[in-house]
Amino acid sequence: MSVSRHPIALRLERQVGSATKLLATVMVLPLIDGIFPALVVAGVLSTATGVVETGILIFGGSATAAVILAEMDGDRRQMVTSVLLIGAVIVPLAALEAAFAPTFRGFLNLPVFERFAGLVILTIAAKTASSEIGEFLPSPGVIISLGLVASFDPSGFAIETSPEYVVNGAAAAGVGVAFALAVALLSPHLRGRVDIDRFRFGSAVALGVLALPILLGPFDLMQTEAPIALAVLAVTTLFAYDPNADPVAGAADDSPDDGPAGGDDEGTDAAGSGDDGGAAGDAPADGERAPTDPPLDTPPNAPGPIVDDDVAALANGGDRDASDDETDPFTDDDSRAPWL
């Protein structure tokens, strides 16, 4: 499995600690930095397609999938319980923030603010795709603050609310929680088969597609209710998923039954140990020569004992008999190495 090493994700992980806290931070972040309220005010949640796209790409997306697949431990029940507890917090908060959307729409110049909302989504997409590019971009909160200042119109200020915004806001958060639940339930099958970095990059492209209708509104381009961003995300999922991969990749690679090289080295060392540097009779069983044996083409005046296939030292500590010392190795027979 490819575990995402995105610097932003690593920084969040160091700050919040446990995987459950990290997942809660990732899913609550759109409510804190103002991304979700900006989309509600911009009218993205006015259609069913916008609700689903916002829920999957803003509350769910690659960050949620990466935390569940790469960071969370435990069985399905524990992960599902954690996701449900987080959902019990973000759904009411999303509904509460969406309830004030009509109030914000009253004292904001919507055409101007919508452009800033589109820029916020593009900024998040760029930060998701590349941390190097994200270092040069302002934070979403800064862009939203600039949008509020640029589009502020106090003449239309009035506190009001609408059940439609509340329902749509809660529905978008509910879609994000459902996405997280689906990933948690399928996590045993998805681990090792989903390339998280590839899915992250595709999610960034889908976010960019989601921002285009908002930014191109004044030019009357891409003004459609077709779920283009969801289609991009679906294609990304297909590219990031490998059904032939091992879901527990890496577990079998470290198994001692796979024949680690250390076992052969230990056997070779044991066979080659001795006072005289090892004997030919103690060579490995597979026919390979010990690393201390000279090659067959070594000249007879080379330093060290002459060892070939027909001459073996005795197993008495490397000492030879007197008869062996008196025997001239150069006059025995013709079965020795070629140089003999």
Side-chain angles (χ1 to χ4, degrees), residues 7-8 11-12 15 25-47 50-51 53-55 57-59 61 63 90 92-166 168-170 172-173 176 204 206-223 229:
I8 298 178
R11 184 164 60 250
L12 282 175
Q15 290 176 353
T25 302
V26 168
M27 298 187 70
V28 175
L29 195 59
L31 301 174
I32 298 175
D33 57 14
I35 301 171
F36 177 71
L39 295 179
V40 176
V41 174
V44 177
L45 273 66
S46 59
T47 63
V51 170
E53 290 178 338
T54 302
L57 295 175
I58 302 301
F59 291 103
I90 67 171
L93 286 178
L96 181 62
E97 289 190 359
F100 290 97
T103 302
F104 283 94
R105 292 174 65 93
F107 64 84
L108 293 178
N109 187 346
L110 291 181
V112 175
F113 185 78
E114 288 176 358
R115 307 293 86 76
F116 281 90
L119 288 176
V120 167
I121 301 176
L122 279 183
T123 301
I124 297 173
K127 289 177 176 289
T128 302
S130 174
S131 60
E132 296 180 0
I133 297 177
E135 294 294 334
F136 299 97
L137 298 177
S139 65
V142 173
I143 298 177
I144 292 175
S145 299
L146 292 175
L148 290 174
V149 173
S151 60
F152 181 70
D153 183 11
S155 60
F157 178 79
I159 298 177
E160 55 182 301
T161 184
S162 173
E164 179 183 359
Y165 288 95
V166 176
N168 290 348
L207 281 172
V209 173
L210 179 64
L212 289 180
I214 303 175
L215 293 173
L216 299 179
F219 307 100
D220 199 21
L221 297 175
M222 294 187 67
Q223 304 304 304

TODO: Could you tell me whether the side chain of S151 reaches within less than 4.5 Å of the side chain of R115, counting heavy atoms only?
DONE: no

- [ ] Compare all side-chain heavy atoms of L39 with those of I121 and state whether any distance is below 4.5 angstrom.
- [x]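 Contact flag for L39/I121 side chains = yes.
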
Value rounded to 0.5 Å, distance of [atom1] in [X] from [atom2] in [Y]:
X: T47; Y: N168; atom1: OG1; atom2: CG; result: 8.5 Å
X: I58; Y: L31; atom1: CD1; atom2: CG; result: 10.5 Å
X: D153; Y: L110; atom1: CG; atom2: CG; result: 10.0 Å
X: I35; Y: I124; atom1: CD1; atom2: CD1; result: 2.5 Å
X: L119; Y: E114; atom1: CG; atom2: CD; result: 12.0 Å
X: Q223; Y: L212; atom1: CD; atom2: CG; result: 10.5 Å

Can you give me the closest heavy-atom contact between [X] and [Y], atom names plus distance?
X: P213; Y: V209; answer: CD-O, 3.1 Å
X: A211; Y: G118; answer: CB-O, 3.6 Å
X: L108; Y: F152; answer: CD2-CA, 4.2 Å
X: L45; Y: A172; answer: CD2-CB, 3.9 Å
X: A126; Y: L137; answer: CB-CD1, 3.5 Å
X: K127; Y: P138; answer: CE-O, 3.5 Å

Task: Derivation of the side chain to side chain contact (heavy atoms under 4.5 Å, CB included) call for L215 and F219 - done: CA-CA 9 Å; L215 293 173; F219 307 100; over 6 Å; no

Open item on the list: Assess the residue pair I144 and D33 against the criterion (side chain to side chain contact (heavy atoms under 4.5 Å, CB included)); give the C-alpha distance rounded to whole Å, side-chain angles, the decisive distance to 0.1 Å, and a yes or no.
Closed with: CA-CA 9 Å; I144 292 175; D33 57 14; 5.7 Å; no

Open item on the list: Could you check whether any side-chain N or O of R105 sits under 3.5 Å from a backbone N or O of F100, counting only pairs where one atom can act as donor and the other as acceptor?
Closed with: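 No, the answer is negative, given that no donor and acceptor are paired below the 3.5 Å cut-off.
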
Task: All ring-ring contact (aromatic ring centres under 6.0 Å, His included) counterparts of F113, not counting sequence neighbours - done: none

